[in-house]
2 protein chains.
Amino acid sequence: MATGRNHRPATRSRGIPEATVARLPLYLRALTALSERSVPTVSSEELAAAAGVNSAKLRKDFSYLGSYGTRGVGYDVEYLVYQISRELGLTQDWPVVIVGIGNLGAALANYGGFASRGFRVAALIDADPAMAGTPVAGIPVQHADELEKIVGDNGVSIGVISTPAGAAQQVCDRLVAAGVTSILNFAPTVLSVPDGVDVRKVDLSIELQILAFHEQRKAGEDATESSPDQAAPPVRAAVGGRKGPDGDMPAVMPA
Amino acid sequence: MATGRNHRPATRSRGIPEATVARLPLYLRALTALSERSVPTVSSEELAAAAGVNSAKLRKDFSYLGSYGTRGVGYDVEYLVYQISRELGLTQDWPVVIVGIGNLGAALANYGGFASRGFRVAALIDADPAMAGTPVAGIPVQHADELEKIVGDNGVSIGVISTPAGAAQQVCDRLVAAGVTSILNFAPTVLSVPDGVDVRKVDLSIELQILAFHEQRKAGEDATESSPDQAAPPVRAAVGGRKGPDGDMPAVMPA
DNA sequence: CCATCTTTGTGCACGCGTTCACAAAGACAT
DNA sequence: ATGTCTTTGTGAACGCGTGCACAAAGATGG
């Protein structure tokens, strides 16, 4: 039921590696800061430091875009800002819909970085009829029934899902059916989409768990790895047995 | 990722690859759902489908944890839930502080997935004196002056930064100085931290830009790749010279 | 016009991650 | 017991991403 044929056949588009694409926004941000300070040129070393990456990596990344640097001098800041913006498709306007206007959805709607970079919040959508008409971030919330019409009328191709996990797949299906081909998913669920639709997920819970893993490892190293088993003993559960010994796992969509 | 000399000496801890660690929370979530439905065992194929990954990858991932499966049958759900939880360090309690209680910070504080899996919001911190005492998600906001004391008293090792970009590095430095060794950064900035401190970043803007890239590419393919240059002409800026002849560069985005 | 010095662009090697494909292991039926 | 059938665990090959190290390019000064 979940992913199924989520192929992702090496999204290497026009020869630009996916890893490079993921770093371009980082470079762009650093370059924009330099541009605001009217810095005319930067070396790969300086820019790499500002973006927090290796300078060789940065140069190789730029080489995929073409040769925009001048040897002995560096890169022209304004020119590079333009080239990267164009490569990322930020020279055009991207109408975006946010579905699920709870705490998170409202926060996203209010997020400044949204509107500032070619992205425009075309509509806020929520399933709660009581919210319809209520303005959030200056935009009136519309009912989910309008979803297809909104997407169609505005030519929306990017959708943001900030609904509860239980509603995410259904919302996703409707968005895709209406014409959306890129989805940013904040709900803690694996979304299943047809080929040709891109999904990126932002998952707070997963990030925290990864941090906890490393944190535990650090603590374990300090403790000379002497801890035999700090918590409850593994107790291989009998097949078909009940829940865990402590019976926790606090119900509904923990994370 | 941080900046400067953040070596990341192959964070391969006890032989568990980083990529595997990043997937464990995904497996755990799928397994928890199965556990709630009282499913006793799953095959790698089923679980992989639920988690949206390749079954061979899943089996290899589990092999790093040890051999918890039974050939011909599959994996014991309860047992695996426990093993992964333990590996991720979720059998212990992780006090977390959230710094920056704006729209996003408040949304995070209200996020259910936070408290449910071993993570406990120990404190909410904001620099605005007017917010001090105001309860958010049932927890009174404390002033930033208390940061060091809060971290110290509660033994906090994980910090969440949801401040504006300008304040993030400073907050980060204070958290680290106070003893925090893992940081989840929502601010659109590259954080610089000393060795031994882990930083993970969640950046809405970057995710959208990556989606825009692929979206543009899809549109370009549909148009038979005939588009020569859809927007303003590149107009290579003269090296060392001033800006473009017409001084355009439409300020394609402030921040 | 030549020498020097800076910085880019990239060939190459290495390591990680993914995937295939299959032998080993065990459940289950007879 | 023995055979069959399912599913795991993993050896091996492959491809991507990273970083080193250096030659080529061009600016700059004499």
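Hydrogens, waters and symmetry mates are skipped; everything else that's a heavy atom, side chains included, is used. Proteins get letters first, then strands, A, B, ... in listed order; numbering begins at 1 in each.
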Polar side chain donor-acceptor pair, B:Glu78 to B:Tyr82, under 3.5 angstrom: no
CA sep, side-chain torsions, deciding dist, call: B:Arg200, B:Asn185, side-chain contact (heavy atoms from CB on, under 4.5 Å): CA-CA 6 Å; B:Arg200 296 191 67 86; B:Asn185 179 33; over 6 Å; no
Integer-rounded Å distance: D:dA27 P and A:Asp76 CG: 13 Å
Salt bridge (charged side-chain N to carboxylate O under 4.0 Å, His left out) contacts touching residues 60-70 of chain A (sequence neighbours left out): A:Arg23-A:Asp61
Atom of B:Val190, atom of A:Ala50 and distance for their closest heavy-atom approach: CG2-O, 3.9 Å
Contact state string [nucleotides 4-10 of chain C, B base, S sugar-phosphate only, - no protein heavy atom under 4.0 Å]: --BBBBB
Spacing between A:Asp61 atom CG and D:dT18 atom P, to the nearest angstrom: 7 Å
Sequence-distant partners of B:Glu46, salt bridge (charged side-chain N to carboxylate O under 4.0 Å, His left out), two or more places apart: none
Distance, rounded to the nearest Å, where B:Lys57 contributes NZ and D:dG15 contributes P: 16 Å
B:Asp203 bridged to A:Arg29 by N-O distance under 4.0 Å: yes
Phosphate-side-chain proximity, A:Asn54 and D:dG17, N/O vs OP1/OP2 below 4.0 Å: no
Separation of D:dG17 P from A:Ile16 CD1 (nearest whole Å): 12 Å
